[in-house]
Protein chains: 2
Amino acid sequence: MPLGLPDDPGPARLDRARIARAALDLLRTDGADAFSMRRLAAALQIKSPSLYWHVRSKDELFDLLVDDVLGTVPLPDGDDGPWDERLRDLGLALRRVLLAHPDVARLMPGRTPFGPNGLALAERVIGVLRRAGFDDRLAGYGYLLLMFYVVGFAAQETAFGKGPDNPERLTEISRFLGGLPADRYPNVVAAAGTLTGRPGLTDRFELGLTGILNGLDRDRASSR
Amino acid sequence: MPLGLPDDPGPARLDRARIARAALDLLRTDGADAFSMRRLAAALQIKSPSLYWHVRSKDELFDLLVDDVLGTVPLPDGDDGPWDERLRDLGLALRRVLLAHPDVARLMPGRTPFGPNGLALAERVIGVLRRAGFDDRLAGYGYLLLMFYVVGFAAQETAFGKGPDNPERLTEISRFLGGLPADRYPNVVAAAGTLTGRPGLTDRFELGLTGILNGLDRDRASSR
DNA sequence: ACCTGAACACCGTTCAAGT
DNA sequence: ACCTGAACACCGTTCAAGT
């Protein structure tokens, strides 16, 4: 026992929260392609089979990561303000959170976001809609439409190199599109610059979100 | 040489098209989790390294599959009819194609759909927008918004077990949501039935699509 | 030009065994 | 209860060698 470190606790004890945190770090620093249970174990200074005491599988771990990230979305807690404004704010907040975790965002399509935090989010969204006069059916669909739009948008956005990370992917795509033969793809070439421009996408996201909420409103009106 | 089969050609010669077709079959029959280059090679009665003569990597093969599927989307060829109706039809057609290839749909978020067929689709969409009076910038964003919405929606839709395949996934989710404690998740439980009902989603998809196109229209108007 | 055998450097996961 | 060693059954990909 080395002197001067009388109470060195060694690496902290393993639990699901610590595993999730390390997994998020590993995804963020090394990317999804480099992620593996063995590397995650190494980052935690542990052997990989130990992970399976705390987590059933890699897939379940990914579900956990998604739910952890969803847990950081601020939910409106009162019940004041028009329903569409509240859902618009929630959509914007969800996108911001997903852009901050691009790899987790890309994990989401293909998954069903019904961990504790995902359920809390669903409960809130469906509640807002029902209290605004949507019947159960339309409220359920409204939730799905909102989630599909926001998650789908954010997941693809990060793939284009938008989002905070790798701007070099952006310029690579931009060069490719801009270098296309202009006689064959005149329209793509003309728009190549903006296909890979960053700031305008947030406006377009909001535009689509507003359009969807307007559509829901018309849906509600025609149902009564 | 066996009699009666004087010209048996054996398994047809390998090429990218045959590889792509076999890969699509394998994905459809065995699912994405079971897909591997080695199994694909086995299905083609070939050893896996042979694949690498025709295709640089598994990732490039997946890009090829995406582009092949995009190639089956019918593009409007004339230039008549209002722009928003044409894009609406194209969005609906793209979704139909993606639902017919759920695994490929789930491959798309995270990819950049710029193979030959993807470019042809982009060229068409951006062209429709520019001829409708959108400037280059808004036309580019309009294309992105449309693609993000349709692809994101379809990818997540298939994950819910909607789409033609596995209805048992749907009922599993439905049971889970319906069995939740009603005091804690009253809204989710109330809407559980429709979160997993099939036919209404197509209407909601259209509703969102229409809302997005309306939003683009307002965007165009305010830009001049 | 196209295909294979053999190999490299990995995977996720299980399970008996240790503490 | 929690962690490890050893192993199983795989992966994607490379590359020298065959035809």
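Only heavy atoms go into these numbers, but all of them, side chains included; no hydrogens, no water, no symmetry mates. All of these numbers come straight from a predicted model, not from anything done at the bench.
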Checklist entry - Does the ring-ring contact (aromatic ring centres under 6.0 Å, His included) test come out yes or no for Phe35(A) and Phe62(A), once each step is laid out? => result CA-CA 11 Å; Phe35(A) 184 92; Phe62(A) 282 170; 5.5 Å; yes
Item to check | salt bridge (Lys or Arg N to Asp or Glu O under 4.0 Å) assessment of Asp59(B) paired with Arg111(B) | outcome: CA-CA 10 Å; Asp59(B) 198 61; Arg111(B) 271 160 214 285; 3.1 Å; yes
Next on the checklist: Rounded to whole Å, please give me the gap between CZ in Phe62(A) and P in dC11(C).
Outcome noted: 13 Å
Checklist entry - So, is His54(A) close to the dC3(D) phosphate, meaning a side-chain N or O under 4.0 Å from OP1 or OP2? => result yes
Checklist entry - Distance check: side-chain N/O of Trp53(B) vs OP1/OP2 of dC2(C), anything under 4.0 Å? => result yes
Checklist outcome for this item: Met37(A) CE to dC3(D) P, in whole Å, measures 14 Å
Item to check | Ser50(A) side chain near dC2(D) phosphate (N/O to OP1/OP2, under 4.0 Å) | outcome: no
Item to check | Euclidean distance for C1', dA9(D) against dA9(C) (whole angstrom) | outcome: 16 Å
Next on the checklist: Classify the ring geometry of Tyr149(B) against Tyr149(A): parallel below 30°, tilted from 30° to 60°, perpendicular beyond 60°.
Outcome noted: tilted
Checklist entry - Rounded to the Å, how far apart are Lys58(A) NZ and dT14(C) C1'? => result 17 Å
Next on the checklist: Classify Ser48(A) by what it touches in the nucleic acid, base, sugar-phosphate, or nothing, heavy-atom distance under 4.0 Å.
Outcome noted: base
Checklist entry - Is the distance between the ring centroids of Phe160(B) and Phe148(A) under 6.0 Å? => result yes
Checklist entry - What nucleic acid atoms does Ser36(B) come within less than 4.0 Å of, heavy atoms only: base, sugar-phosphate, or nothing? => result sugar-phosphate
Item to check | Atom pair distance, as rounded to whole Å: CG in Leu44(A) and P in dC2(D) | outcome: 16 Å
Item to check | Any Lys47(A) side-chain nitrogen or oxygen under 4.0 Å from OP1 or OP2 of dC3(D) | outcome: no
Checklist entry - To the nearest angstrom, how far is Arg38(A) atom CZ from dC11(D) atom P? => result 15 Å
Item to check | Chi angles and distances behind the side-chain contact (heavy atoms from CB on, under 4.5 Å) call for Ile173(A), Phe114(B) | outcome: CA-CA 9 Å; Ile173(A) 299 172; Phe114(B) 294 141; 4.0 Å; yes
Checklist outcome for this item: From CG of Leu14(B) across to C1' of dT19(D) the rounded distance in Å is 16 Å
Checklist entry - Between Arg39(A) and Pro49(A), which is nearer to the 5' end of DNA chain C once each is assigned its nearest nucleotide? => result Arg39(A)
Item to check | For atom CG of Asp15(A) and atom P of dA1(D), their distance in whole Å | outcome: 17 Å
Next on the checklist: Could you tell me how far apart Tyr52(A) (OH) and dA17(C) (C1') are, to the nearest whole angstrom?
Outcome noted: 19 Å
